[in-house]
2 protein chains.
Amino acid sequence: MSDARPDATTEPPATPPPGARTTPADAPETAPPGTPREASVDVIQRELTAFARRARAAAARVHPEIPLVSYTLLAHIEERRGCRATDLAAHYLLDKSTVSRQLAGLEKLGLVERRPAPEDHRVQVLHPTEAGLAVLATAQANRLAAYQERLRDWSGEDLARFADYLLRYNAAGPEDLPASP
Amino acid sequence: MSDARPDATTEPPATPPPGARTTPADAPETAPPGTPREASVDVIQRELTAFARRARAAAARVHPEIPLVSYTLLAHIEERRGCRATDLAAHYLLDKSTVSRQLAGLEKLGLVERRPAPEDHRVQVLHPTEAGLAVLATAQANRLAAYQERLRDWSGEDLARFADYLLRYNAAGPEDLPASP
DNA sequence: AAAGAACCGTTGTACTATACAACCAAGATT
DNA sequence: AATCTTGGTTGTATAGTACAACGGTTCTTT
(Lines give C-alpha, C1' and ligand atoms only; values in the text may rest on other atoms or scores of the structure.)
Protein backbone atom coordinates (compact mmCIF):
# COMPACT_ATOMS: atom_id res chain seq x y z
CA MET A 1 0.00 0.00 0.00
CA SER A 2 2.73 2.26 -0.81
CA ASP A 3 0.51 4.35 -2.93
CA ALA A 4 -3.09 5.12 -3.32
CA ARG A 5 -4.29 2.58 -5.72
CA PRO A 6 -8.01 2.50 -5.50
CA ASP A 7 -8.54 0.71 -8.68
CA ALA A 8 -6.44 -2.07 -8.70
CA THR A 9 -4.38 -4.88 -8.58
CA THR A 10 -5.94 -7.02 -11.13
CA GLU A 11 -6.63 -6.74 -14.72
CA PRO A 12 -10.19 -7.90 -15.14
CA PRO A 13 -12.32 -4.81 -15.33
CA ALA A 14 -14.01 -4.07 -12.13
CA THR A 15 -17.01 -2.91 -13.99
CA PRO A 16 -18.22 -4.69 -17.04
CA PRO A 17 -17.77 -2.20 -19.79
CA PRO A 18 -21.23 -1.15 -20.73
CA GLY A 19 -21.65 -1.37 -24.42
CA ALA A 20 -18.87 -0.42 -26.76
CA ARG A 21 -17.52 -3.90 -26.55
CA THR A 22 -17.29 -5.88 -29.66
CA THR A 23 -18.28 -8.97 -27.86
CA PRO A 24 -21.00 -9.74 -25.43
CA ALA A 25 -18.24 -10.81 -23.14
CA ASP A 26 -18.69 -9.28 -19.79
CA ALA A 27 -15.43 -10.52 -18.50
CA PRO A 28 -16.57 -12.65 -15.63
CA GLU A 29 -14.04 -12.92 -12.88
CA THR A 30 -14.36 -16.61 -12.89
CA ALA A 31 -15.50 -18.35 -15.93
CA PRO A 32 -18.80 -19.95 -15.18
CA PRO A 33 -19.53 -23.38 -16.52
CA GLY A 34 -21.52 -22.36 -19.51
CA THR A 35 -19.16 -19.68 -20.73
CA PRO A 36 -19.43 -19.16 -24.44
CA ARG A 37 -16.33 -19.38 -26.53
CA GLU A 38 -16.15 -15.71 -27.27
CA ALA A 39 -16.15 -14.81 -23.64
CA SER A 40 -13.37 -17.22 -22.89
CA VAL A 41 -11.28 -16.01 -25.76
CA ASP A 42 -11.82 -12.48 -24.64
CA VAL A 43 -10.65 -13.29 -21.17
CA ILE A 44 -7.66 -15.17 -22.49
CA GLN A 45 -6.75 -12.31 -24.69
CA ARG A 46 -7.02 -9.81 -21.91
CA GLU A 47 -5.18 -11.87 -19.38
CA LEU A 48 -2.33 -12.84 -21.58
CA THR A 49 -2.02 -9.24 -22.54
CA ALA A 50 -2.01 -8.17 -18.96
CA PHE A 51 0.66 -10.64 -18.21
CA ALA A 52 2.86 -9.52 -21.02
CA ARG A 53 2.39 -5.93 -20.11
CA ARG A 54 3.38 -6.37 -16.54
CA ALA A 55 6.12 -8.80 -17.30
CA ARG A 56 8.25 -6.15 -18.79
CA ALA A 57 7.84 -3.88 -15.85
CA ALA A 58 8.74 -6.63 -13.47
CA ALA A 59 11.69 -7.88 -15.43
CA ALA A 60 14.16 -5.37 -14.19
CA ARG A 61 13.33 -6.09 -10.61
CA VAL A 62 14.02 -9.79 -10.90
CA HIS A 63 17.51 -9.76 -12.25
CA PRO A 64 19.00 -6.35 -12.21
CA GLU A 65 22.34 -7.98 -12.56
CA ILE A 66 21.83 -8.65 -16.19
CA PRO A 67 20.93 -5.24 -17.37
CA LEU A 68 19.61 -6.51 -20.64
CA VAL A 69 16.78 -8.37 -22.09
CA SER A 70 19.56 -10.46 -23.46
CA TYR A 71 19.16 -12.71 -20.53
CA THR A 72 16.73 -14.51 -22.71
CA LEU A 73 19.26 -14.91 -25.42
CA LEU A 74 21.78 -16.20 -22.98
CA ALA A 75 19.27 -18.75 -21.80
CA HIS A 76 18.64 -19.86 -25.29
CA ILE A 77 22.30 -20.18 -26.02
CA GLU A 78 22.71 -22.31 -23.01
CA GLU A 79 19.72 -24.42 -23.80
CA ARG A 80 21.09 -25.66 -27.03
CA ARG A 81 24.75 -25.72 -26.45
CA GLY A 82 26.14 -23.48 -29.07
CA CYS A 83 24.01 -21.68 -31.57
CA ARG A 84 24.33 -19.02 -34.17
CA ALA A 85 23.15 -15.45 -33.93
CA THR A 86 20.76 -15.99 -36.77
CA ASP A 87 19.03 -18.75 -34.86
CA LEU A 88 18.35 -16.35 -32.07
CA ALA A 89 17.02 -13.74 -34.42
CA ALA A 90 14.71 -16.22 -36.08
CA HIS A 91 13.56 -17.70 -32.86
CA TYR A 92 12.69 -14.46 -31.17
CA LEU A 93 11.58 -12.55 -34.19
CA LEU A 94 14.33 -10.08 -33.70
CA ASP A 95 16.37 -8.25 -36.23
CA LYS A 96 19.89 -9.41 -36.86
CA SER A 97 21.23 -6.11 -35.75
CA THR A 98 19.44 -6.28 -32.46
CA VAL A 99 20.82 -9.68 -31.73
CA SER A 100 24.23 -8.58 -32.79
CA ARG A 101 24.22 -5.74 -30.34
CA GLN A 102 22.77 -7.76 -27.56
CA LEU A 103 25.45 -10.33 -28.04
CA ALA A 104 28.06 -7.66 -28.05
CA GLY A 105 26.77 -6.58 -24.70
CA LEU A 106 26.77 -10.07 -23.34
CA GLU A 107 30.26 -10.60 -24.57
CA LYS A 108 31.46 -7.42 -23.01
CA LEU A 109 30.02 -8.65 -19.75
CA GLY A 110 31.93 -11.84 -20.20
CA LEU A 111 28.82 -13.97 -20.29
CA VAL A 112 29.12 -15.39 -23.73
CA GLU A 113 31.95 -16.37 -25.96
CA ARG A 114 31.96 -16.51 -29.70
CA ARG A 115 33.99 -18.94 -31.64
CA PRO A 116 34.32 -19.11 -35.37
CA ALA A 117 32.93 -22.30 -36.77
CA PRO A 118 35.54 -24.57 -38.28
CA GLU A 119 33.39 -25.38 -41.25
CA ASP A 120 31.70 -22.18 -42.17
CA HIS A 121 33.83 -19.22 -41.51
CA ARG A 122 30.95 -16.81 -41.54
CA VAL A 123 29.21 -18.12 -38.51
CA GLN A 124 30.17 -17.73 -34.92
CA VAL A 125 29.15 -20.37 -32.52
CA LEU A 126 27.96 -18.94 -29.27
CA HIS A 127 28.72 -20.43 -25.92
CA PRO A 128 27.96 -19.31 -22.43
CA THR A 129 31.04 -18.73 -20.35
CA GLU A 130 31.43 -19.95 -16.81
CA ALA A 131 30.20 -16.63 -15.56
CA GLY A 132 27.34 -16.79 -17.99
CA LEU A 133 26.27 -20.16 -16.71
CA ALA A 134 26.46 -18.98 -13.15
CA VAL A 135 24.41 -15.88 -13.76
CA LEU A 136 21.93 -17.91 -15.67
CA ALA A 137 21.61 -20.49 -12.96
CA THR A 138 20.86 -18.03 -10.23
CA ALA A 139 18.50 -16.03 -12.35
CA GLN A 140 16.64 -19.12 -13.35
CA ALA A 141 16.49 -20.28 -9.78
CA ASN A 142 15.11 -16.99 -8.61
CA ARG A 143 12.53 -16.90 -11.25
CA LEU A 144 11.43 -20.45 -10.74
CA ALA A 145 11.20 -19.84 -7.03
CA ALA A 146 9.01 -16.85 -7.62
CA TYR A 147 6.74 -18.88 -9.81
CA GLN A 148 6.63 -21.69 -7.31
CA GLU A 149 5.60 -19.23 -4.70
CA ARG A 150 2.96 -17.74 -6.85
CA LEU A 151 1.55 -21.09 -7.80
CA ARG A 152 1.83 -22.54 -4.37
CA ASP A 153 -1.86 -23.03 -3.84
CA TRP A 154 -2.54 -24.71 -7.10
CA SER A 155 -3.29 -28.37 -7.28
CA GLY A 156 -0.95 -30.58 -9.21
CA GLU A 157 -3.65 -31.32 -11.66
CA ASP A 158 -4.37 -27.69 -12.32
CA LEU A 159 -0.71 -26.96 -12.77
CA ALA A 160 -0.32 -29.71 -15.28
CA ARG A 161 -3.33 -28.58 -17.19
CA PHE A 162 -2.33 -24.97 -17.17
CA ALA A 163 1.11 -25.89 -18.42
CA ASP A 164 -0.46 -27.97 -21.10
CA TYR A 165 -2.69 -25.16 -22.26
CA LEU A 166 0.17 -22.78 -22.45
CA LEU A 167 2.21 -25.20 -24.47
CA ARG A 168 -0.64 -25.71 -26.77
CA TYR A 169 -1.23 -22.05 -27.16
CA ASN A 170 2.35 -21.23 -27.88
CA ALA A 171 2.89 -24.19 -30.11
CA ALA A 172 0.89 -22.54 -32.82
CA GLY A 173 3.97 -20.61 -33.73
CA PRO A 174 4.99 -17.07 -33.25
CA GLU A 175 3.90 -15.77 -36.60
CA ASP A 176 0.55 -14.33 -35.86
CA LEU A 177 0.80 -13.60 -32.23
CA PRO A 178 -1.84 -11.01 -31.66
CA ALA A 179 -0.64 -9.72 -28.45
CA SER A 180 -0.38 -6.82 -26.28
CA PRO A 181 1.43 -3.66 -26.83
CA MET B 1 10.99 -7.97 -47.52
CA SER B 2 14.18 -9.36 -46.29
CA ASP B 3 12.91 -10.17 -42.90
CA ALA B 4 14.99 -11.53 -40.20
CA ARG B 5 12.41 -14.10 -39.49
CA PRO B 6 11.84 -16.54 -42.25
CA ASP B 7 10.54 -19.03 -39.79
CA ALA B 8 10.94 -19.56 -36.20
CA THR B 9 9.84 -23.08 -36.12
CA THR B 10 12.17 -24.60 -38.57
CA GLU B 11 15.49 -23.62 -37.25
CA PRO B 12 17.86 -26.52 -37.24
CA PRO B 13 18.89 -27.65 -33.82
CA ALA B 14 22.56 -27.16 -34.27
CA THR B 15 23.21 -29.29 -31.28
CA PRO B 16 20.17 -31.02 -29.97
CA PRO B 17 19.92 -30.67 -26.25
CA PRO B 18 20.79 -33.92 -24.64
CA GLY B 19 18.20 -33.69 -21.95
CA ALA B 20 14.49 -33.89 -22.19
CA ARG B 21 14.14 -30.16 -22.33
CA THR B 22 13.60 -28.47 -25.56
CA THR B 23 12.47 -25.07 -26.51
CA PRO B 24 8.75 -24.63 -26.63
CA ALA B 25 8.59 -23.18 -30.04
CA ASP B 26 10.69 -25.90 -31.51
CA ALA B 27 9.29 -28.94 -29.92
CA PRO B 28 5.88 -28.61 -28.46
CA GLU B 29 5.96 -31.25 -25.90
CA THR B 30 2.89 -32.29 -24.11
CA ALA B 31 2.81 -32.45 -20.41
CA PRO B 32 2.42 -36.07 -19.55
CA PRO B 33 -0.28 -37.13 -17.13
CA GLY B 34 1.85 -37.72 -14.11
CA THR B 35 3.82 -34.52 -14.33
CA PRO B 36 5.21 -33.44 -11.00
CA ARG B 37 4.57 -29.96 -9.75
CA GLU B 38 8.05 -28.67 -10.38
CA ALA B 39 7.95 -29.70 -13.99
CA SER B 40 4.62 -28.02 -14.50
CA VAL B 41 5.74 -24.84 -12.88
CA ASP B 42 8.84 -24.90 -14.99
CA VAL B 43 6.80 -25.26 -18.12
CA ILE B 44 4.43 -22.54 -17.05
CA GLN B 45 7.29 -20.25 -16.33
CA ARG B 46 8.91 -20.91 -19.64
CA GLU B 47 5.75 -20.64 -21.66
CA LEU B 48 4.51 -17.48 -20.09
CA THR B 49 7.93 -16.04 -20.60
CA ALA B 50 7.96 -17.08 -24.20
CA PHE B 51 4.63 -15.48 -24.68
CA ALA B 52 5.69 -12.23 -23.14
CA ARG B 53 8.77 -12.09 -25.28
CA ARG B 54 6.99 -12.70 -28.48
CA ALA B 55 4.15 -10.43 -27.59
CA ARG B 56 6.32 -7.43 -27.75
CA ALA B 57 7.70 -8.38 -31.10
CA ALA B 58 4.25 -8.92 -32.49
CA ALA B 59 2.72 -5.82 -31.04
CA ALA B 60 3.69 -3.46 -33.78
CA ARG B 61 2.32 -5.70 -36.47
CA VAL B 62 -1.12 -5.90 -34.99
CA HIS B 63 -2.04 -2.29 -34.72
CA PRO B 64 0.35 -0.14 -36.60
CA GLU B 65 -2.30 2.52 -36.52
CA ILE B 66 -1.64 3.23 -32.91
CA PRO B 67 2.06 3.63 -32.99
CA LEU B 68 2.38 3.39 -29.27
CA VAL B 69 2.13 1.00 -26.49
CA SER B 70 -0.35 3.53 -25.30
CA TYR B 71 -3.04 1.49 -26.85
CA THR B 72 -3.16 -0.25 -23.54
CA LEU B 73 -3.60 2.98 -21.73
CA LEU B 74 -6.33 4.02 -24.06
CA ALA B 75 -8.08 0.75 -23.45
CA HIS B 76 -7.84 1.26 -19.76
CA ILE B 77 -9.18 4.76 -19.98
CA GLU B 78 -12.09 3.52 -21.94
CA GLU B 79 -12.71 0.64 -19.63
CA ARG B 80 -13.35 2.79 -16.67
CA ARG B 81 -14.76 5.90 -18.12
CA GLY B 82 -12.53 8.64 -16.99
CA CYS B 83 -9.45 8.08 -14.96
CA ARG B 84 -6.43 9.95 -13.82
CA ALA B 85 -2.92 9.58 -15.10
CA THR B 86 -1.73 8.39 -11.76
CA ASP B 87 -4.15 5.51 -11.86
CA LEU B 88 -2.62 4.36 -15.06
CA ALA B 89 0.87 4.62 -13.66
CA ALA B 90 -0.07 2.64 -10.60
CA HIS B 91 -1.94 0.05 -12.54
CA TYR B 92 0.75 -0.65 -15.04
CA LEU B 93 3.70 -0.06 -12.81
CA LEU B 94 4.83 2.76 -14.97
CA ASP B 95 6.51 5.96 -14.05
CA LYS B 96 4.45 9.10 -14.02
CA SER B 97 6.61 10.63 -16.67
CA THR B 98 6.11 7.72 -18.99
CA VAL B 99 2.39 7.92 -18.66
CA SER B 100 2.51 11.64 -19.12
CA ARG B 101 4.33 11.32 -22.39
CA GLN B 102 2.20 8.51 -23.63
CA LEU B 103 -0.86 10.54 -22.93
CA ALA B 104 0.63 13.50 -24.69
CA GLY B 105 1.04 11.29 -27.71
CA LEU B 106 -2.49 10.02 -27.51
CA GLU B 107 -3.78 13.51 -27.17
CA LYS B 108 -1.82 14.71 -30.14
CA LEU B 109 -3.39 11.91 -32.11
CA GLY B 110 -6.75 13.08 -30.95
CA LEU B 111 -7.57 9.85 -29.21
CA VAL B 112 -7.92 11.10 -25.70
CA GLU B 113 -9.08 14.27 -24.14
CA ARG B 114 -8.07 15.64 -20.80
CA ARG B 115 -10.32 17.70 -18.71
CA PRO B 116 -9.44 19.37 -15.48
CA ALA B 117 -11.43 18.03 -12.61
CA PRO B 118 -13.85 20.55 -11.22
CA GLU B 119 -13.04 19.63 -7.68
CA ASP B 120 -9.37 19.03 -7.65
CA HIS B 121 -7.47 21.22 -9.98
CA ARG B 122 -4.40 19.07 -9.90
CA VAL B 123 -5.90 16.15 -11.68
CA GLN B 124 -7.01 15.76 -15.23
CA VAL B 125 -9.75 13.37 -16.02
CA LEU B 126 -9.03 11.38 -19.13
CA HIS B 127 -11.61 10.45 -21.68
CA PRO B 128 -11.39 8.71 -25.00
CA THR B 129 -12.56 10.82 -27.87
CA GLU B 130 -14.82 9.57 -30.60
CA ALA B 131 -11.80 8.75 -32.68
CA GLY B 132 -10.24 7.04 -29.72
CA LEU B 133 -13.24 4.84 -29.25
CA ALA B 134 -13.28 3.96 -32.90
CA VAL B 135 -9.63 3.07 -33.03
CA LEU B 136 -10.00 1.07 -29.91
CA ALA B 137 -12.97 -0.82 -31.22
CA THR B 138 -11.27 -1.90 -34.40
CA ALA B 139 -8.04 -2.75 -32.67
CA GLN B 140 -9.88 -4.79 -30.14
CA ALA B 141 -11.83 -6.51 -32.85
CA ASN B 142 -8.70 -7.35 -34.77
CA ARG B 143 -6.99 -8.70 -31.80
CA LEU B 144 -9.92 -10.71 -30.69
CA ALA B 145 -10.27 -12.10 -34.17
CA ALA B 146 -6.65 -13.13 -34.18
CA TYR B 147 -7.11 -14.89 -30.89
CA GLN B 148 -10.25 -16.54 -32.09
CA GLU B 149 -8.38 -17.81 -35.06
CA ARG B 150 -5.57 -19.08 -33.00
CA LEU B 151 -7.85 -20.80 -30.57
CA ARG B 152 -10.16 -22.11 -33.19
CA ASP B 153 -9.51 -25.75 -32.53
CA TRP B 154 -9.95 -25.58 -28.81
CA SER B 155 -12.97 -27.03 -27.16
CA GLY B 156 -15.24 -24.71 -25.27
CA GLU B 157 -14.37 -26.44 -22.09
CA ASP B 158 -10.66 -26.04 -22.61
CA LEU B 159 -11.10 -22.40 -23.42
CA ALA B 160 -13.07 -21.79 -20.30
CA ARG B 161 -10.55 -23.56 -18.18
CA PHE B 162 -7.61 -21.82 -19.75
CA ALA B 163 -9.26 -18.48 -19.23
CA ASP B 164 -9.91 -19.42 -15.67
CA TYR B 165 -6.33 -20.38 -15.04
CA LEU B 166 -5.07 -17.16 -16.46
CA LEU B 167 -7.41 -15.14 -14.34
CA ARG B 168 -6.33 -17.03 -11.33
CA TYR B 169 -2.70 -16.59 -12.13
CA ASN B 170 -2.95 -12.89 -12.74
CA ALA B 171 -5.20 -12.27 -9.82
CA ALA B 172 -2.30 -12.62 -7.46
CA GLY B 173 -1.41 -9.05 -8.21
CA PRO B 174 1.35 -7.43 -10.13
CA GLU B 175 3.76 -6.90 -7.31
CA ASP B 176 5.85 -9.97 -7.53
CA LEU B 177 5.52 -10.89 -11.10
CA PRO B 178 8.56 -12.93 -11.83
CA ALA B 179 8.51 -12.72 -15.48
CA SER B 180 10.59 -12.70 -18.46
CA PRO B 181 13.43 -10.41 -19.16
C1' DA C 1 -3.39 31.89 8.95
C1' DA C 2 1.20 30.45 7.69
C1' DA C 3 4.22 26.70 6.96
C1' DG C 4 5.02 22.41 5.51
C1' DA C 5 3.87 17.93 3.72
C1' DA C 6 1.73 15.28 0.20
C1' DC C 7 0.10 14.89 -4.37
C1' DC C 8 -0.43 15.52 -9.63
C1' DG C 9 1.46 16.20 -13.61
C1' DT C 10 5.37 18.03 -16.92
C1' DT C 11 10.01 18.53 -18.57
C1' DG C 12 15.06 17.53 -18.87
C1' DT C 13 18.26 13.90 -19.44
C1' DA C 14 19.79 9.33 -20.32
C1' DC C 15 19.68 4.60 -21.52
C1' DT C 16 17.83 0.20 -23.55
C1' DA C 17 15.62 -2.23 -27.08
C1' DT C 18 14.51 -2.26 -31.42
C1' DA C 19 14.15 -1.71 -36.65
C1' DC C 20 15.80 -0.65 -41.27
C1' DA C 21 19.27 0.02 -44.47
C1' DA C 22 23.83 -0.15 -46.04
C1' DC C 23 27.67 -2.68 -45.81
C1' DC C 24 31.48 -6.45 -45.65
C1' DA C 25 33.01 -11.15 -45.66
C1' DA C 26 32.63 -15.88 -46.71
C1' DG C 27 29.99 -19.79 -49.21
C1' DA C 28 27.22 -21.53 -52.84
C1' DT C 29 25.51 -21.39 -57.82
C1' DT C 30 25.79 -20.75 -62.30
C1' DA D 1 35.05 -16.20 -62.51
C1' DA D 2 30.77 -13.63 -61.76
C1' DT D 3 26.94 -13.54 -59.27
C1' DC D 4 23.73 -14.67 -55.85
C1' DT D 5 23.04 -15.95 -50.96
C1' DT D 6 23.85 -16.00 -46.15
C1' DG D 7 25.86 -14.44 -41.48
C1' DG D 8 27.10 -10.47 -38.97
C1' DT D 9 28.31 -5.55 -38.01
C1' DT D 10 27.61 -0.62 -38.07
C1' DG D 11 25.06 3.79 -38.90
C1' DT D 12 20.91 6.09 -38.01
C1' DA D 13 16.43 6.71 -36.07
C1' DT D 14 12.61 5.89 -32.99
C1' DA D 15 9.82 3.96 -28.92
C1' DG D 16 9.51 3.25 -24.33
C1' DT D 17 11.08 3.78 -20.11
C1' DA D 18 13.21 5.59 -15.64
C1' DC D 19 14.96 9.07 -12.47
C1' DA D 20 15.35 13.57 -10.92
C1' DA D 21 13.99 18.22 -10.63
C1' DC D 22 10.31 21.30 -10.88
C1' DG D 23 5.78 24.16 -10.55
C1' DG D 24 1.11 24.09 -9.19
C1' DT D 25 -2.52 22.30 -5.83
C1' DT D 26 -4.58 20.57 -1.95
C1' DC D 27 -4.42 18.85 2.66
C1' DT D 28 -2.29 18.98 7.51
C1' DT D 29 -0.18 20.80 11.19
C1' DT D 30 1.19 24.14 13.86
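All chains are named by letter (A, B, ...) in the order of the sequence lines, taking the proteins before the strands, and each is independently numbered beginning at 1. Scope of the values below: all heavy atoms of this structure, side chains included, with no hydrogens, waters or symmetry mates.
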For the pair made of [atom1] in [X] and [atom2] in [N], what is the distance, rounded to whole Å?
X: Asp87(A); N: dG7(D); atom1: CG; atom2: P; result: 9 Å
X: Arg115(A); N: dG7(D); atom1: CZ; atom2: P; result: 20 Å
X: Asp95(B); N: dT10(C); atom1: CG; atom2: P; result: 12 Å
X: Lys108(A); N: dT16(C); atom1: NZ; atom2: C1'; result: 13 Å
X: Tyr71(A); N: dA17(C); atom1: OH; atom2: P; result: 15 Å
X: Lys96(A); N: dC23(C); atom1: NZ; atom2: P; result: 13 Å
X: Leu94(B); N: dG9(C); atom1: CG; atom2: P; result: 14 Å
X: Arg114(A); N: dG8(D); atom1: CZ; atom2: P; result: 9 Å

Response to the item:
Heavy-atom closest pair (Ser40(B) atom, Ala160(A) atom, distance to 0.1 Å) is OG-CA, 3.4 Å
Worksheet item: Considering only side-chain heavy atoms of Thr98(B), which listed nucleotide, dT26(D), dT17(D), dG8(D), is closest?
Response: dT17(D)
Worksheet item: What nucleotide among dT26(D), dG9(C), dG27(C) has an atom nearest to a side-chain atom of Arg122(B)?
Response: dT26(D)
Answer whether the closest heavy-atom distance between the side chains of [X] and [Y] falls below 4.5 Å.
X: Val135(B); Y: Leu109(B); value: no
X: Tyr169(B); Y: Leu48(B); value: yes
X: Leu151(A); Y: Asp158(A); value: no

Worksheet item: Got a donor-acceptor pair under 3.5 Å from the side chain of Ser97(A) to the base of dC20(C)?
Response: yes
Worksheet item: Side chain of Arg101(B), base of dT13(C): donor and acceptor closer than 3.5 Å?
Response: yes
Does [N] have its OP1 or OP2 closer than 4.0 Å to a side-chain nitrogen or oxygen of [X]?
X: Arg84(A); N: dG7(D); value: yes
X: Gln124(A); N: dT9(D); value: yes
X: Ser100(A); N: dT9(D); value: yes

Fill in: Test item: Arg37(A) side-chain N/O and Arg152(B) main-chain N/O as donor-acceptor pair under 3.5 Å
yes
